[in-house]
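Given the structure is predicted, the values throughout are model-derived calculations rather than measurements.
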Amino acid sequence: MPSDFWAGYLSGAIGIIIGNPLDVVKVRLQAGGADAAGSTSRNIVSFENVSSLVRGAAAPILGYGALNALLFVAYNRSLVFMDDSVKDPTNPFGVSLYKIWLAGAAGGVASWTVSSPTEFIKCRAQLDTRPGISSWTVAKDIFRTRGLTGLYFGGVITCARDSIGYGF
């Protein structure tokens, strides 16, 4: 189990380290929009310094690392549980496709516990127009107004998306 956890955690963290600068550019482009001619303003994609490309990466590294760790562990354990002939879940040769799909879906349900609140907070933070708003502020606002269950608003759809998607 430790190797499942660390493989998932490291792959999630490395994915964020690589993808976060691209996400920062994407969000700035989407938030700034384009003029009537379709060209974007040059200052939207200019950055103060190199560190501004990794701004806000700490929370997703923790969140998506945990998400991938849960996904890997749940997938591997589910596959072994459904088919005790599987000795190495990373090489499921001879295992039926429906068992592999079910194991992936189980991984999606397990990862939903992290993905649902993470995505809800991220979306709310991206839509918030208050200056200097952080994901932490958004999370506290949601928790204060809706409680712990409020972090899972829209969670049924997120769970369905994750379980079906990871199944495939």
Side-chain angles (χ1 to χ4, degrees), residues 1-27 30 53-128 133-168:
M1 181 162 140
S3 61
D4 298 347
F5 176 84
W6 287 111
Y9 190 87
L10 289 174
S11 69
I14 291 169
I16 294 299
I17 290 168
I18 293 169
N20 194 70
L22 299 172
D23 194 50
V24 170
V25 171
K26 174 193 68 92
V27 168
Q30 289 174 335
L53 284 171
V54 294
R55 184 178 298 140
I61 286 172
L62 295 173
Y64 285 103
L67 184 143
N68 272 11
L70 283 170
L71 175 64
F72 279 45
V73 170
Y75 168 81
N76 288 342
R77 296 302 165 251
S78 297
L79 194 57
V80 169
F81 177 76
M82 287 185 290
D83 193 334
D84 57 359
S85 70
V86 175
K87 300 299 180 218
D88 180 10
T90 62
N91 184 18
F93 184 73
V95 178
S96 65
L97 289 179
Y98 86 90
K99 287 181 181 178
I100 293 172
W101 190 91
L102 286 173
V109 171
S111 68
W112 161 83
T113 60
V114 174
S115 68
S116 187
T118 302
E119 290 195 23
F120 186 46
I121 292 165
K122 178 189 72 131
C123 290
R124 284 290 174 103
Q126 288 176 342
L127 295 173
D128 200 311
I133 194 70
S134 70
S135 296
W136 179 245
T137 305
V138 171
K140 289 190 302 187
D141 288 347
I142 293 169
F143 186 77
R144 187 180 69 253
T145 59
R146 297 179 181 221
L148 183 61
T149 58
L151 292 171
Y152 288 89
F153 184 75
V156 172
I157 299 298
T158 305
C159 185
R161 180 205 65 190
D162 287 355
S163 62
I164 295 167
Y166 288 126
F168 283 106

Exercise. CG/Asp83 to CG/Leu102 distance, rounded to the nearest 0.5 angstrom?
Worked result: 12.0 Å
Exercise. In terms of the angle between their ring planes, are Trp101 and Phe168 parallel, tilted or perpendicular, with boundaries placed at 30° and 60°?
Worked result: perpendicular
Seminar exercise, completed: Note: Ser115 and Leu67 closest approach over all heavy atoms is CB-CD1, 3.2 Å
Seminar exercise, completed: For Ser116 and Gly155, the nearest pair of non-hydrogen atoms, with its separation, is OG-CA, 3.3 Å
Seminar exercise, completed: Here the pair of heavy atoms bringing Leu79 nearest to Lys99 is CD1-O, 3.9 Å
Exercise. Is there a donor-acceptor contact under 3.5 Å from the side chain of Thr118 to the main chain of Val114?
Worked result: yes
Problem set entry | Point-to-point distance, once rounded to the nearest 0.5 Å, from OG1 of Thr145 to NZ of Lys140 | 13.0 Å
For this session: Report the distance from atom CZ of Phe120 to atom CZ of Arg146, rounding to the nearest 0.5 Å.
Result: 4.5 Å
Problem set entry | Beyond-backbone contact of Ile142 with Val138, side-chain heavy atoms, under 4.5 angstrom | yes
Seminar exercise, completed: When rounded to the nearest 0.5 Å, the distance separating CZ of Phe143 from OG1 of Thr149 is 9.5 Å
Problem set entry | Reported CD1-to-OG1 distance for the pair Ile121 and Thr137, which is rounded to 0.5 angstrom | 11.0 Å
For this session: Work out which heavy atom in Leu71 is nearest to a heavy atom in Gly104; give both atom names and the distance.
Result: CD1-O, 4.5 Å
Exercise. When you measure from the side chain of Trp112 to the backbone N and O of Ser163, does any donor-acceptor pair fall under 3.5 Å?
Worked result: no
Problem set entry | Ser111 (side chain) donor-acceptor with Gly108 (main chain) under 3.5 angstrom | yes
Exercise. Do Thr113 side-chain atoms and Ala110 backbone N/O form a donor-acceptor pair below 3.5 Å?
Worked result: yes
